[in-house]
Amino acid sequence: MSADSTPVLFLHGFWHGSWCWSEVATRVAGTGRTAVAVDMAGHGLRARRPRCLTERPFPPESLATEVSPVADVDLDQAGDLLLSQIKEVGRGGPVTVVAHSMGGTVLTRVAQIAPDLVAHAVYVAAFMPGSGIPAVAYVQLPENTGELVGPSLRADPAVVGALRLDLASDDPAYRAQLREMFYGDVTEAVADAALALMTPDAPAAIPLGTTTLTPDGWGSVPRTYITCSKDMALRPALQRKFISDADAAFPGNPTSVAELDASHSPFLSMPRQVADVVGQLGSRT
């Protein structure tokens, strides 16, 4: 590994936390490169759980009605937090940022407002929305047919302000659906451990936000997209659409593509392969 390689910052997607990158970050750090995973706004140590999921006895009717304590967390807040984390990790210099799933929306915002601080933007089965288009607009496109996120929600996001999962459910069919959605190629034991660490509420305001992209902003940042061919949360056809749309909008800066035969969470099923891809990116120029 070159001594001139930039630090790597890993950002998770909805419902997850910095913990999900531990296997990948360890491998990257083992090469001598700085590697840090951080929590997104409304997640990890910043998560707040609805009372209905911790009360005993459990009030099932409240699952669909209790307003989320993270309903006020929006793309502006998420972007501001990520920007501060990048500045801390990079100490004012550029950082290679690797984002998963909805984390891609936050990365896009930051790369637009501070392109000089993002040496390389890496999207792992992630939302990479176009200029002025909210991430939520992509969810029901034909390219995303068959996704399991919508059927797994246990409340209307417009009512509770969050994309809510019942992670403590004892319904075998529902738990199997959650595993298939996120961890289709991960052992059941590891998948269940991951589900136990997840946050039930993901802020619905984040995918409602938009970012205007410019050639000297996000369009100037080198980017790589890591596709996952077995993804049941963000379908492969939609991943390819993100790539083709970005390349059409900014043809002078085409997307590099790496392909993994993985589910939505290759950081658990293929950490070595993900680390290998990331390790080749982000050299200082």
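Bear in mind that the values here come from a model prediction, so they are computed numbers and not experimental data.
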Exercise. Can you check whether Phe182's main-chain N or O pairs, donor with acceptor, with Ser265's side chain at less than 3.5 Å?
Worked result: yes

Exercise. Backbone N or O of Thr255 within a donor-acceptor pair of the Asp247 side chain at under 3.5 Å?
Worked result: yes

For this session: Measure from the side-chain N and O atoms of Tyr174 to the backbone N and O of Ser152, and report whether any donor-acceptor pair falls under 3.5 Å.
Result: yes

Problem set entry | Output field: ring centroids Phe267/Phe10 closer than 6.0 Å | no

Problem set entry | Glu55, CD atom: more than 12 neighbouring heavy atoms under 6.0 Å | yes

Exercise. Is there a side-chain contact between Phe127 and Val139 (heavy atoms, below 4.5 Å)?
Worked result: yes

For this session: Flag yes if Leu197 and Leu195 sit in one hydrophobic cluster, no otherwise; membership is Ile, Leu, Val, Met, Phe, Trp, Tyr, and two members link when side-chain heavy atoms are under 4.5 Å apart.
Result: yes

Problem set entry | salt_bridge(Arg27, Asp276) N-O dist < 4.0 Å | no

Exercise. Under 3.5 Å, side chain of Asp201 to main-chain N/O of Arg49, donor-acceptor pair present?
Worked result: no

For this session: Answer yes if the ring centres of His16 and Trp19 are under 6.0 angstrom apart, and no otherwise.
Result: yes

Exercise. Would you say the side-chain atoms of Gln85 pair up with the backbone N or O of Met40, donor to acceptor, closer than 3.5 Å?
Worked result: no

Exercise. Sub-3.5 Å donor-acceptor pair from the side chain of Arg33 to the main-chain atoms of Val8, do we have one?
Worked result: no

Problem set entry | Donor-acceptor pair, side chain of Glu66 and main chain of Pro50, under 3.5 angstrom | no

For this session: Classify the ring geometry between His100 and His264 as parallel (under 30°), tilted (30 to 60°) or perpendicular (over 60°).
Result: tilted

Problem set entry | Heavy-atom closest contact (Gln239 atom, Leu234 atom, distance) | NE2-O, 2.7 Å

Exercise. Should Val70 and Val160 be counted in the same cluster of Ile, Leu, Val, Met, Phe, Trp and Tyr side chains packed under 4.5 Å apart?
Worked result: no

Exercise. Taking 4.0 angstrom as the limit, do Arg109 and Asp80 come out as a salt bridge?
Worked result: no

Exercise. Quick one: do Leu141 and Leu208 end up in the same hydrophobic cluster if we chain Ile, Leu, Val, Met, Phe, Trp and Tyr together by side-chain heavy atoms under 4.5 Å apart?
Worked result: no

